[in-house]
Every structure is written in structure tokens, then in C-alpha cells.
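What you see is a predicted model; the values in this text were computed from it and never measured.
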Amino acid sequence: MPLYVYEVVLADGAGGEQFEVFQKMSDAPLTTHPETSEPVRRVFTEANAPRAWTDTQGKAAVSDKNLASRGFTKYVKTDKGTYEKAAGTGPKKIQRK
């Protein structure tokens, strides 16, 4: 559901206070403020579309430094049933018994 920006229309036609409303695309635009009943108009703004995700961003998100800073511990498999800590806090090695 899109987030629309509206502004109050002042007596001289200038724009006043702005507010946001979630509405279906099929809903008619508001003509009055939902709380104060003042006249309003929809303000056109740039679309808030997600940007393309790059490989560099993906690698940075799961980097050892980033994981440790967010409180995660990362272990890397070194041998059958053995894992060594690569980032974060916790035991240096985990072994399967």
C-alpha cells in the first residue's frame, strides 16, 4: 500500500503542514484533513523504490567485521566436525563429539 504525502491548503493557496497517509492506489485522494477537516491536496514526491542490490553490498553485509559488530559469531568449518571462530565472541573452536 503506497504512502501518500498531503499538505494543508492555507487561505492564500500556499502549502501548510504536511502529513502522510497509507492508502490503496484505487482510493480517491483526500480533500480534507482526517482530523481537522481543513482542505488538503496531495503532494507529488519522488518514488521510494529500493535500489539495486550489488554483490559488494552483499559481501559487506556478511563480512566478519559487520557480523561481529552486530553481535553474531561466525564459525568456519576446518575439518570433519570441527569449526573455528572467524568473528565475534565465543569459544575458539567447536568440535562435534
Side-chain angles (χ1 to χ4, degrees):
M1 204 172 337
L3 179 67
Y4 290 103
V5 178
Y6 287 89
E7 69 182 3
V8 174
V9 180
L10 302 176
D12 63 356
E17 172 194 3
Q18 291 189 348
F19 61 97
E20 299 172 336
V21 177
F22 279 107
Q23 288 182 293
K24 293 180 183 177
M25 293 179 77
S26 60
D27 289 348
L30 297 179
T31 56
T32 59
H33 193 287
E35 296 172 2
T36 64
S37 299
E38 296 174 291
V40 297
R41 63 179 164 221
R42 189 181 286 172
V43 178
F44 291 96
T45 60
E46 71 179 60
N48 185 8
R51 296 182 181 172
W53 186 262
T54 65
D55 288 339
T56 305
Q57 289 171 318
K59 288 177 185 175
V62 294
S63 70
D64 293 349
K65 183 178 178 182
N66 191 40
L67 290 172
S69 72
R70 298 185 187 281
F72 290 96
T73 302
K74 177 181 173 183
Y75 288 93
V76 178
K77 188 172 185 177
T78 56
D79 197 13
K80 185 176 181 181
T82 305
Y83 296 85
E84 289 185 5
K85 180 175 66 174
T89 58
K92 289 185 180 182
K93 190 182 276 190
I94 297 176
Q95 286 186 318
R96 189 176 206 180
K97 293 183 179 187

Checklist entry - About how many Å separate CZ of Arg41 and CD of Glu7, when rounded to the nearest 0.5 Å? => result 4.5 Å
Item to check | Side chain to side chain, Arg42 and Leu30, heavy atoms closer than 4.5 Å | outcome: no
Item to check | Output field: ring centroids Tyr6/His33 closer than 6.0 Å | outcome: no
Next on the checklist: Does any part of the side chain of Pro2, heavy atoms only, come nearer than 4.5 Å to the side chain of Gln23, both counted from C-beta?
Outcome noted: no
Checklist entry - Distance from Ile94 atom CD1 to Lys77 atom NZ, nearest 0.5 Å? => result 13.0 Å
Checklist entry - Does a side-chain heavy-atom distance below 4.5 Å link Pro91 with Tyr83? => result no
Item to check | Test side chain to side chain contact (heavy atoms under 4.5 Å, CB included) applied to Phe19 and Val40, step by step | outcome: CA-CA 10 Å; Phe19 61 97; Val40 297; 3.7 Å; yes
Next on the checklist: Between Thr32 and Glu38, is the side chain to side chain contact (heavy atoms under 4.5 Å, CB included) condition met? List the steps.
Outcome noted: CA-CA 5 Å; Thr32 59; Glu38 296 174 291; over 6 Å; no
Next on the checklist: Taking Val21 as the starting point, is it possible to reach Met25 by hopping between hydrophobic residues whose side chains are less than 4.5 Å apart?
Outcome noted: yes
Next on the checklist: Walk me through whether Lys74 and Asp64 qualify under side chain to side chain contact (heavy atoms under 4.5 Å, CB included).
Outcome noted: CA-CA 7 Å; Lys74 177 181 173 183; Asp64 293 349; 3.0 Å; yes
Item to check | Gln57 atom CD, over 12 foreign heavy atoms within 6.0 Å | outcome: yes
Checklist entry - Given the rule in the side chain to side chain contact (heavy atoms under 4.5 Å, CB included) test, do Thr78 and Glu84 qualify, once you have shown the distances and angles that lead to the verdict? => result CA-CA 7 Å; Thr78 56; Glu84 289 185 5; 3.7 Å; yes
Checklist entry - So, for Ala68 and Ala87, which heavy atoms are closest and what is the spacing to 0.1 Å? => result CB-CB, 4.3 Å
Checklist entry - Looking only at atom types and distance, does a side-chain atom of Asp27 sit under 3.5 Å from a main-chain N or O of Lys24, one as donor and one as acceptor? => result yes
Next on the checklist: How long is the straight-line distance from CG of Leu10 back to CD of Glu17, given to the nearest 0.5 Å?
Outcome noted: 10.0 Å
Checklist entry - Got a second to check how far Arg96's CZ is from Thr82's OG1, nearest 0.5 Å? => result 10.5 Å
